[in-house]
2 protein chains.
Amino acid sequence: MEYGTKQLQIIEVAEGLFAKKGFAGTSIRDIAQEADINVSMISYYFGSKEKLIEALFSVRMAETETTMVNILENQDLTAMQKVNIWLDSVVGRFMFRKNFHNIVMREQLSSNRSETITAFIMDLKMRHIDLMKQLISLGIREGVFKENLDMSLMMTTIYGTVNQAIANQDFYRRLNQLEHLSEEEFNLYLLEKLKVHLKFIFINSVSNEQQGLN
Amino acid sequence: MEYGTKQLQIIEVAEGLFAKKGFAGTSIRDIAQEADINVSMISYYFGSKEKLIEALFSVRMAETETTMVNILENQDLTAMQKVNIWLDSVVGRFMFRKNFHNIVMREQLSSNRSETITAFIMDLKMRHIDLMKQLISLGIREGVFKENLDMSLMMTTIYGTVNQAIANQDFYRRLNQLEHLSEEEFNLYLLEKLKVHLKFIFINSVSNEQQGLN
DNA sequence: AATAAAATCAAACATTTGTTTGATTTTATT
DNA sequence: AATAAAATCAAACAAATGTTTGATTTTATT
């Protein structure tokens with residue numbers, strides 16, 4: 001599906017509101033007001049509120065598609081290099097698309113609110129798990145990864161940590177007395193912290209080598 | 001605040017529906033129907049829908065209160081023993097109160113939907129962090145924990161992993177071909193898996209000793 | 001410049017929402 | 001058994017919801 005600038009602007013406004021107030025908690029009048037358009041334009045462009053969130057998902061998921069595959073199917077990288085690049089890209093994507101991943105999280109918490117979106121998410125998860133399995137078996141073949149590790153639990157920790165970190169960023173900021181940083185600076189700070197933390201955990205749990213705290 | 005059996009039954013029904021459909025996505029008519037009561041009883045007992053979810057929080061948070069303190073302030077345990085017991089209790093509580101923690105997660109994702117509930121959650125987090133800091137400094141004094149570790153990031157990983165695991169339990173179940181297990185059996189299976197996984201990650205990251213995959 | 005198509009709008013639509021009312025039934029107290 | 005208090009109910013309330021309508025304006029095409 002192709003969307004014009006107007007549609008994309010509506011999608012972006014909706015994304016922000018859904019992330020802040022939830023899908024059910026956001027009215028199309030909220031969206032119309034913030035996007036500075038008439039309420040009827042949402043039905044006009046997308047058909048319905050439900051179709052609007054589906055449009056949001058289809059746009060954002062298309063973005064992820066290529067990145068992931070390119071990294072993991074690159075033949076010139078070792079397993080350990082791929083892990084590093086992959087973790088960077090996961091953390092980066094979650095931070096860059098905070099609002100969207102907030103919504104994804106909410107949809108996962110709802111048991112089957114929307115068939116279409118459940119399918120979207122399931123599809124994405126399956127593709128990720130698949131690529132990760134390849135990466136892990138490459139690591140095992142290279143002799144750098146332990147065998148018989150529960151990959152799905154490891155991914156649960158990676159995604160869970162990033163989600164939790166972003167959901168609690170305000171708390172983390174206060175706790176570590178980082179209020180003096182600007183929004184932008186703090187984002188960068190948290191991004192780096194998360195990358196280091198996750199690489200440390202991942203490599204320490206999965207690889208045969210031991211890595212110290214930096 | 002004290003609640004009778006009827007009120008507690010309403011709270012429990014509401015808890016289930018809020019977890020499934022979100023706060024805004026659940027109408028008081030949904031709750032009334034499932035609890036088999038008249039719609040007006042919710043206002044009659046609690047005052048409003050908002051006050052109902054506050055009642056839910058006050059009931060469930062009171063439960064957590066004591067457990068945590070008892071474990072961590074016990075003088076007879078080593079830091080490592082406390083970590084083990086604490087992790088067991090965290091995972092156990094999240095699994096036992098899936099619905100409630102689903103709601104807590106949602107409320108964390110909403111930026112300040114409700115002042116009262118934000119304050120509830122903030123209070124709980126602060127108390128936890130406080131106790132954990134004590135535990136960590138005990139471990140450092142005992143010489144079993146590394147110094148200069150970011151405790152808040154470690155807790156982010158613990159809570160994030162448990163949340164993510166529970167939010168994705170259906171996916172995990174399918175992925176690992178565990179559909180033959182009953183709901184009850186699967187819960188126990190996941191509980192054990194999570195405990196082992198988190199202890200492994202925590203101890204491997206935080207302690208000076210090295211622990212192998214079991 | 002004339003015509004057709006697309007975009008925008010205020011208003012109306014039917015539902016659904018949380019809450020209140022006022023009457024009635026049930027339970028507890030005297 | 002009489003009285004008071006608590007619980008329950010159907011109905012009504014106003015406000016908010018997602019969507020549609022039909023007229024009007026803007027843009028694109030001929």
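Below, chains carry the letters A, B, ... as their sequence lines are ordered, and counting in each starts from 1.
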Item checked: Between dT15(C) (P) and R29(B) (CZ): distance, integer Å -> 15 Å
Notebook entry, point to check: Hey, is the side chain of K6(B) poking within less than 4.0 Å of OP1 or OP2 on dT8(D), counting only N and O atoms?
Noted result: yes
Notebook entry, point to check: Taking CD from Q33(A) and P from dG18(D), how many angstroms apart are they, rounded to a whole number?
Noted result: 14 Å
Next item on the list: Starting at atom CD1 of I28(B), determine the distance to atom P of dG18(C), rounded to an integer number of angstrom.
Entry: 5 Å
Checklist line | F57(B) ring center near F100(B) ring center (under 6.0 Å) | finding: yes
Next item on the list: Would you please test Q81(A) and N84(A) for side chain to side chain contact (heavy atoms under 4.5 Å, CB included) and show each step?
Entry: CA-CA 5 Å; Q81(A) 287 172 318; N84(A) 274 288; 5.8 Å; no
Checklist line | Rounded interatomic separation in angstrom, taking CD1 from I37(B) and C1' from dA10(D) | finding: 15 Å
Note to self: Rounded to whole Å, how long is the line connecting atom CD1 of I42(A) with atom P of dA10(C)?
What the structure shows: 14 Å
Check: Using a cut-off of 4.0 Å on non-hydrogen atoms, how would the nucleic acid contact of S48(A) be classed: base, sugar-phosphate, or nothing?
Finding: sugar-phosphate
Note to self: One thing to verify: whether R173(A) and E179(A) come together as a salt bridge, which I'm taking to mean a side-chain N less than 4.0 angstrom from a carboxylate O.
What the structure shows: no
Check: Got a salt bridge between R60(A) and E15(A), using NZ or NE/NH1/NH2 to carboxylate O under 4.0 Å?
Finding: yes
Checklist line | Whole angstrom value for the distance that separates C1' of dT8(D) from CD of Q9(B) | finding: 14 Å
Next item on the list: Using only side-chain N and O atoms of N38(A), determine if any of them is under 4.0 Å from OP1 or OP2 of dA10(C).
Entry: yes
Note to self: So, does Y45(A) get its side chain near the phosphate of dT8(C), meaning an N or O under 4.0 Å from OP1 or OP2?
What the structure shows: yes
Note to self: Before we go on, tell me: are the rings of Y3(B) and Y45(B) under 6.0 Å apart, centre to centre?
What the structure shows: no
Item checked: Interatomic distance where CD1 belongs to I31(A) and C1' belongs to dA16(D) [whole Å] -> 15 Å
Notebook entry, point to check: Starting at OH of Y44(A) and ending at P of dA7(C), how long is that distance when rounded to a whole Å?
Noted result: 4 Å
Notebook entry, point to check: Can you give the dot-bracket line for DNA chain D, using ( ) for pairs inside the strand, [ ] for pairs that cross earlier ones, | for pairs with another strand and . for unpaired bases, where Watson-Crick and G-U count if both distances are under 3.5 Å?
Noted result: ||||||||||||||||||||||||||||||
Check: NA contact type, S27(A), heavy-atom cut-off 4.0 Å: base, sugar-phosphate, or nothing?
Finding: sugar-phosphate
Notebook entry, point to check: Are any of the side-chain nitrogens in K51(B) or E54(B) under 4.0 Å away from the carboxylate oxygens of its partner?
Noted result: no
Note to self: With a cut-off of less than 4.0 Å, is there a side-chain N or O of K49(B) near OP1 or OP2 of dT17(C)?
What the structure shows: no
Check: Would you call R174(B)-D170(B) a salt bridge at under 4.0 Å N-O?
Finding: no
